[in-house]
Amino acid sequence: MFDINLLRNDLAATAEALLKRNTVIDVAAFEAMEAERKALQIQTQDLQQQRNTLSKAVGQAKAAKDEAKAQALLAEVAAVPEKVKANEAALALIQDRVNTLLMTIPNLPQASVPIGKDSDENVEQRRWSPDNKGPRSFAFAAKDHVALGEALTTTAGAQLDFEAGVKLSGARFTVMKGPLARMHRALAQFMLDTHVNEHGFTECYVPYIVNAESMTGTGQLPKFEEDLYKVPMPADDAIEGGAIKNRYLIPTAEVSLTNLVRDTMVPLDALPMRLTAHTPCFRSEAGSYGRDTRGMIRQHQFDKVEMVYISKPEESNAMLEEMTGNAEKILQKLGLPYRVMLLCTGDMGFTAARTYDLEVWLPAQNTYREISSCSNCEAFQARRMGARFKNAAGKNEPVHTLNGSGLAVGRTLVAVMENYQNQDGSITVPEVLRPYMGGLEVIR
RNA sequence: GGAAGCGUGGCCGAGCGGUUGAAGGCACCGGUCUUGAAAACCGGCGACGGGGCAACCCGUUCGUGAGUUCGAAUCUCACCGCUUCCGCCA
């Protein structure tokens, strides 16, 4: 949630900073709304005070057995509660309006984030490739993962079976079979093991269906509901205040992991927390018709190993570097060429203050494609979630939250297939995955 | 699904219509004592929001939401969650 004090204390500068994120704040409208809220709040609290004071006096009079005085006081308060009620209702209404606005303003980018309008203005930080030789050059025409996966077969049909996905569910679903299905599983195991054994993470198994509070905590709601798959509750117990109460399929394990600290005081000595989980992710991909329609790049359901950090504010940027390094480590162990991009203001996600994307080399597309996104959300999610810790001065303060993919499993499979393909269409299994695949060296 | 009980501050726990934000304890912070530490003793100590330059003042908050009342942690209703017993189940 956006920090309202920034708007109250420094409206002009804050509105200008948000402009870099393509977010327009109507300054005059906000000022008017705030003025109204302030007046109403003062008036309401005044009335509440009146009621409280008089009621307390009634109690005192009754305790003193002064019935006449009690009756006089009762006559005096009689009209107050009604006024209080009316004011409270009006105040709640305007506070809702303020709140709704706050919930739809994106996080403020850090000062060092490059200003730009879209992904073309992201800034490359570094590149990596095995022995620093650059991406492998092919002596034959490199195929994409679709051609490779459809040509590789099992007795049950293609190892990447896109038609079966369509038949079972529709577009953007894929069935994997045989060795490729196993490599997909191997990749997730390998990533999880690496983060747990080498990067100090705590492995978590988490729900894939979460409630609206969780989705609000990490920022998917209220603004991005159309991107989520909804799970309506059974009719009988779904009604709350007249509205159907939905649950949602997680679009990323970030939601489940980060919300673990929702409404909690995190002990100081528990920070930083490093949490990881392997989960499926569900995205409706509304508004991306026509983009990446071929293959496994953009699916409604995909697996991901997620990293989440819960950190002290002063450490969060260092943790972002660490987390990005963890994701890079996976690509390095797999021998996949990649580059690290610092996202510009226009390309960052709603909750992020600073984001690095990892882009892996895809030879068939002759380009780098996003395979991980690591973000420092600072206190943005923590404020929404009520995730706090007691700082050195003994004051409660929101924690900082960070999340990153480590990595997207389906896209990693695509990258391995394309980078490790052989002229005959077989795929060499990267060394680090072989222990997870019964020693298998080549997929054919 | 049936029956019973319970949700109070960082934690435990009392209160069950009226000067109660809430006894007591633990934890925490300061002080005395001590060579130091511990113990003992003294004092402090919830959160969120609003107003004010400030000292400070005010409001909200006892699972959540409605209701009764001049006044609700306390009474009523609904919902959520937890515990125990029975049934069912991977």
Side-chain angles (χ1 to χ4, degrees), chain A residues 1-9 31 33-99 101-103 205 207-214 216-217 232-247 259-271 310 379 382-399:
Chain A
M1 174 151 62
F2 203 83
D3 186 354
I4 192 167
N5 288 317
L6 288 174
L7 291 171
R8 291 217 263 244
N9 301 334
E31 275 176 335
M33 187 164 69
E34 255 297 283
E36 192 186 339
R37 187 227 97 224
K38 194 162 165 174
L40 244 178
Q41 182 159 357
I42 289 172
Q43 193 186 343
T44 304
Q45 293 186 352
D46 229 53
L47 283 163
Q48 287 170 330
Q49 184 186 1
Q50 233 179 83
R51 181 200 59 196
N52 293 346
T53 312
L54 287 170
S55 292
K56 203 171 270 188
V58 172
Q60 284 167 15
K62 293 212 166 176
K65 302 261 187 270
D66 187 345
E67 204 45 47
K69 187 177 176 196
Q71 287 307 319
L73 285 164
L74 281 176
E76 194 180 342
V77 231
V80 181
E82 204 171 315
K83 282 193 259 179
V84 170
K85 212 163 265 186
N87 267 270
E88 281 174 346
L91 180 63
L93 224 61
I94 192 159
Q95 276 174 336
D96 266 6
R97 274 171 57 208
V98 174
N99 210 34
L101 175 72
L102 286 180
M103 294 296 254
Y205 173 85
Y208 306 155
I209 300 176
V210 301
N211 56 29
E213 287 75 18
S214 295
T216 306
M233 295 287 287
D236 280 350
D237 51 39
I239 310 298
E240 188 177 275
I244 302 287
K245 201 179 165 194
N246 290 305
R247 287 183 187 163
N259 274 283
L260 287 173
V261 295
R262 172 155 57 83
D263 295 321
T264 60
M265 285 289 271
V266 183
L268 190 61
D269 59 15
L271 299 174
I310 310 297
R383 259 193 306 274
R384 294 174 163 240
M385 290 193 304
R388 299 165 300 164
F389 75 107
K390 245 183 224 314
N391 65 22
K395 287 297 288 179
N396 296 339
E397 192 182 340
V399 296

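A, B, ... follow the sequence lines: proteins, then strands. Residue 1 opens every chain.
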Asks: Does a side-chain N or O of A:N52 approach OP1 or OP2 of B:U60 to a distance below 4.0 Å, or not?
Replies: yes

Asks: Measure from CD on A:E88 to P on B:U61 and round the result to the nearest Å.
Replies: 8 Å

Asks: Should B:U35 form a Watson-Crick or G-U wobble pair with both distances under 3.5 Å, which nucleotide is its partner?
Replies: none

Asks: How many whole angstroms separate atom CG of A:L91 from atom P of B:G59?
Replies: 15 Å

Asks: Walk me through it: do A:Q71 and A:E67 pass the test side chain to side chain donor-acceptor pair (under 3.5 Å)?
Replies: CA-CA 6 Å; A:Q71 287 307 319; A:E67 204 45 47; 3.2 Å; yes

Asks: Tell me which nucleotide, if any, is Watson-Crick or G-U wobble paired with B:A14 when both distances must be under 3.5 Å.
Replies: none

Asks: Given atom CG of A:D66 and atom C1' of B:U19, what is their separation to the nearest angstrom?
Replies: 16 Å

Asks: In whole Å, what separates the C1' atom of B:G65 from that of B:U61?
Replies: 15 Å

Asks: Please give the distance between the P atoms of B:C26 and B:C79 as a whole number of Å.
Replies: 41 Å

Asks: Quantified in whole Å, what is the C1' atom distance between nucleotide B:U68 and nucleotide B:A14?
Replies: 26 Å

Asks: Take the protein atom NZ of A:K56 and the nucleotide atom P of B:A72, then report the distance between them rounded to whole Å.
Replies: 12 Å

Asks: Quick check: does any side chain N or O of A:N259 sit under 3.5 Å from a backbone N or O of A:R262, one acting as donor and the other as acceptor?
Replies: no

Asks: Quick one: is A:R51 getting a side-chain N or O under 4.0 Å of the B:U60 phosphate, OP1 or OP2?
Replies: yes

Asks: For the pair made of CD in A:Q41 and P in B:C58, what is the distance, rounded to whole Å?
Replies: 16 Å

Asks: Taking the minimum atom-to-atom distance to the side chain of A:I42, which one of B:U60, B:G51, B:G71 wins?
Replies: B:G51

Asks: Which one, B:U60, B:C70, B:U68, comes nearest to the side chain of A:S55?
Replies: B:C70

Asks: If each of A:N5 and A:G59 is mapped to the nucleotide of RNA chain B with the nearest heavy atom, which maps nearer the 5' terminus, i.e. the 5' end?
Replies: A:G59

Asks: When both hydrogen-bonding distances must be under 3.5 Å and the geometry is Watson-Crick or G-U wobble, what is B:U76 paired with, if anything?
Replies: B:A66

Asks: Nearest heavy-atom pair of A:Q41 and A:Q95: which atoms, and what distance?
Replies: OE1-NE2, 3.6 Å

Asks: Suppose you measure atom P in B:A55 against the same atom in B:C6; what distance do you get, rounded to whole Å?
Replies: 45 Å

Asks: For A:Q49 and B:C70, what is the distance between atoms CD and C1' respectively, to the nearest whole Å?
Replies: 16 Å

Asks: Are any protein N/O atoms closer than 3.5 Å to N/O atoms in nucleotides 43-47 of chain B? If there are, list each pair with its distance.
Replies:
from: B:A47; atom 1: O3'; to: A:R388; atom 2: NH1; distance (Å): 3.1

Asks: Can we say A:E34 and A:R37 salt-bridge, meaning some charged N sits less than 4.0 Å from an Asp/Glu carboxylate O?
Replies: yes

Asks: Base, sugar-phosphate, or nothing for A:L54, non-hydrogen atoms under 4.0 angstrom?
Replies: nothing

Asks: Look at the side chain of A:R51 and the backbone N and O of A:D46, then say whether any donor-acceptor pair between them is shorter than 3.5 Å.
Replies: no

Asks: Given the P atoms of B:C56 and B:A66, what is the spacing between them in whole Å?
Replies: 35 Å

Asks: Whole angstroms only, please: what is the NZ-P distance between A:K62 and B:C70?
Replies: 10 Å

Asks: Would you check, one step at a time, whether the test side-chain contact (heavy atoms from CB on, under 4.5 Å) holds for A:V261 with A:M385?
Replies: CA-CA 8 Å; A:V261 295; A:M385 290 193 304; 4.2 Å; yes

Asks: What closest approach, in Å, do A:F389 and A:V266 show between heavy atoms, and which atom pair accounts for it?
Replies: CB-O, 3.4 Å

Asks: Who does B:A47 pair with, Watson-Crick or G-U, both distances under 3.5 Å?
Replies: B:U60

Asks: Please give the nucleotide sitting opposite B:U83 as a Watson-Crick or G-U wobble pair, both distances under 3.5 Å, or none.
Replies: B:A4

Asks: If you find the nucleotide of RNA chain B closest to A:Q50 and the one closest to A:V77, which residue's nucleotide is nearer the 5' end?
Replies: A:Q50

Asks: Counting any heavy atom closer than 4.0 Å, what does A:Q60 reach on the DNA or RNA strands: base, sugar-phosphate only, or nothing?
Replies: base

Asks: Counting only side-chain heavy atoms from C-beta out, which of B:G71, B:G51, B:C58 sits nearest to A:K38?
Replies: B:G51

Asks: When rounded to the nearest Å, what value does the distance between P atoms of B:G18 and B:A73 take?
Replies: 11 Å

Asks: Expressed in whole Å, how much space separates the P atoms belonging to B:C62 and B:G7?
Replies: 14 Å

Asks: How far, in whole Å, is B:C11 from B:U76 if one measures between their C1' atoms?
Replies: 32 Å

Asks: List the atom of A:V399, the atom of A:A382, and the distance in Å for their closest heavy-atom pair.
Replies: O-CB, 3.1 Å

Asks: Expressed as a whole number of angstroms, how long is the span from A:D3:CG to B:G49:C1'?
Replies: 14 Å

Asks: Tell me the closest heavy-atom pair linking A:L47 and A:V80, and the distance in Å.
Replies: O-CG1, 4.0 Å

Asks: How would you label the contact of A:R383 with the nucleic acid (heavy atoms, under 4.0 Å): base, sugar-phosphate, or nothing?
Replies: nothing

Asks: Using side-chain hydrogen bond (donor to acceptor under 3.5 Å, both in side chains) as the criterion, list what pairs up with A:N211, not counting sequence neighbours.
Replies: A:S214

